[in-house]
Amino acid sequence: MAKSKERLIAVKPSGVKDESVTHLIHDLVRQIPRGRVTTYGAIAKVLGLANPRMVGKAMSQIDGKGKPVPAQRVVTSSGRLSHDTSHHRHTLLEKEGILLNGDKIVDFKKLFWDPGREL
DNA sequence: ACGCTGACTATTA
DNA sequence: CTAATAGCCAGCG
């Protein structure tokens with residue numbers, strides 16, 4: 001029996017409006033509890049995306065209008081911040097009680113919030 | 001159509 | 001720990 005790695009495919013349920021994955025990602029990110037974090041990969045997995053880069057792309061598309069999206073709670077699989085040269089997200093995270101060592105989250109494993117398991 | 005780029009990830013050295 | 005590589009896929013010129 002082959003345990004082939006089925007490549008995850010973005011499922012587009014027919015009948016569902018073309019909400020675009022970006023909106024779904026934003027909604028999911030808004031559900032991340034304060035003081036917890038998750039990863040691009042975890043979000044991608046839950047939404048059935050094959051490429052976590054798409055999640056990052058969605059974050060870069062936050063325009064500031066509508067509900068705010070706590071993108072600071074989304075980090076890389078190694079618990080590090082990405083594209084935070086101005087340390088903007090770094091500051092927000094510490095404000096939520098998350099300790100950081102440089103751009104690395106302390107106790108990332110404990111603070112990790114899995115959208116597919118705890119939600 | 002084609003090549004490059006990118007808020008990623010896993011593996012290997 | 002860092003660096004290099006490969007896989008991944010949508011968007012853009």
Side-chain angles (χ1 to χ4, degrees):
Chain A
M1 42 168 317
K3 49 163 145 263
S4 52
K5 338 167 137 180
E6 299 180 27
R7 94 181 199 279
L8 300 172
I9 306 201
V11 178
K12 186 100 76 153
S14 34
V16 172
K17 274 269 303 170
D18 192 46
E19 296 279 305
S20 87
V21 185
T22 304
H23 186 239
L24 293 177
I25 293 174
H26 289 181
D27 273 357
L28 184 54
V29 172
R30 284 190 201 101
Q31 295 172 57
I32 303 175
R34 189 177 184 281
R36 305 290 296 280
V37 295
T38 192
T39 68
Y40 298 97
I43 293 172
K45 187 174 181 179
V46 163
L47 296 181
L49 302 176
N51 193 356
R53 285 171 120 127
M54 300 296 107
V55 178
K57 199 66 161 187
M59 297 296 100
S60 68
Q61 262 135 56
I62 299 174
D63 44 30
K65 300 175 187 180
K67 307 174 191 178
V69 179
Q72 69 274 15
R73 296 178 190 152
V74 182
V75 300
T76 70
S77 62
S78 52
R80 289 181 163 281
L81 302 183
S82 289
H83 283 245
D84 190 38
T85 51
S86 57
H87 297 164
H88 172 58
R89 302 192 181 80
H90 182 293
T91 303
L92 291 175
L93 287 173
E94 290 198 316
K95 238 171 142 182
E96 299 186 355
I98 297 178
L99 286 312
L100 290 116
N101 184 356
D103 58 344
K104 168 79 169 59
I105 293 182
V106 179
D107 287 330
F108 162 63
K109 236 171 157 179
K110 290 184 193 172
L111 298 175
F112 177 64
W113 180 80
D114 187 343
R117 189 181 49 180
E118 306 189 34
L119 183 59

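Reminder, nothing fancy here: chain letters follow the sequence lines and each chain counts from 1. Only a predicted model underlies this, so the values are computations on that prediction, with no experimental measurement involved.
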Which nucleotides of DNA chain B pair, in dot-bracket form (Watson-Crick or G-U under 3.5 Å, | meaning another strand): .|||||.||||||

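Across every non-hydrogen atom of A:L93 and A:Q72, the tightest pair is CD2-O, 3.2 Å. Heavy atoms only, all atoms of each residue included: A:V37 and A:I105 are closest at CG1-CD1, 3.8 Å. Of all the heavy atoms in A:Y40 and A:V55, the pair that sits closest is O-CG2, 3.6 Å. Between A:A44 and A:P52, the shortest heavy-atom contact is CB-CA, 3.8 Å. Between A:H90 and A:D84, the shortest heavy-atom distance links the atoms N-OD2, 3.0 Å.
On a pure distance criterion of 3.5 Å, no polar donor-acceptor pair joins the side chain of A:R53 and the base of C:dG11.
Toward the 5′ end of DNA chain C lies the nearest nucleotide of A:P52, the other residue of the pair A:P52 and A:K57 mapping further downstream.
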Side-chain donor-acceptor contacts of residues 58-65 of chain A below 3.5 Å, not counting sequence neighbours, with atom names and distances?
residue, atom, partner, partner atom, Å
A:S60, OG, A:K57, O, 2.6
A:Q61, NE2, A:K57, O, 3.3
A:D63, OD1, A:K65, N, 3.0

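The interatomic distance linking A:Q61 (CD) with C:dA10 (P) rounds to 14 Å, in whole Å. Taking atom CD1 of residue A:I43 and atom C1' of nucleotide C:dC8, one finds them 17 Å apart after rounding to whole Å. Between the CD1 atom of A:I25 and the C1' atom of B:dC8 there is a distance of 12 Å, given to the nearest Å. Distance, A:N51 CG to C:dG11 C1': 12 Å, rounded to whole Å. Summarising the geometry, the separation between CG on A:L49 and P on C:dC8 is reported as 15 Å, rounded to the nearest angstrom.
Using a 4.0 Å cut-off on heavy atoms, none of the residues of residues 99-113 of chain A approach DNA chain C. For residues 67-88 of chain A, proximity to DNA chain B is found at A:T76, A:S77, A:S82, A:H83, defined as any non-hydrogen atom under 4.0 angstrom from a strand atom.
Open room surrounds NZ on A:K95; 12 or fewer heavy atoms of other groups in view lie less than 6.0 Å from it.
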Derivation and outcome, side-chain contact (heavy atoms from CB on, under 4.5 Å), residues A:T38 and A:L28: CA-CA 10 Å; A:T38 192; A:L28 184 54; over 6 Å; no

Trace of the side-chain contact (heavy atoms from CB on, under 4.5 Å) decision for A:L99 with A:D107: CA-CA 8 Å; A:L99 286 312; A:D107 287 330; over 6 Å; no

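For A:E94, there are no side chain to side chain donor-acceptor pair (under 3.5 Å) partners at least two apart in sequence or on another chain. Here A:D27 pairs with A:R30 under the side chain to side chain donor-acceptor pair (under 3.5 Å) rule; sequence neighbours left out.
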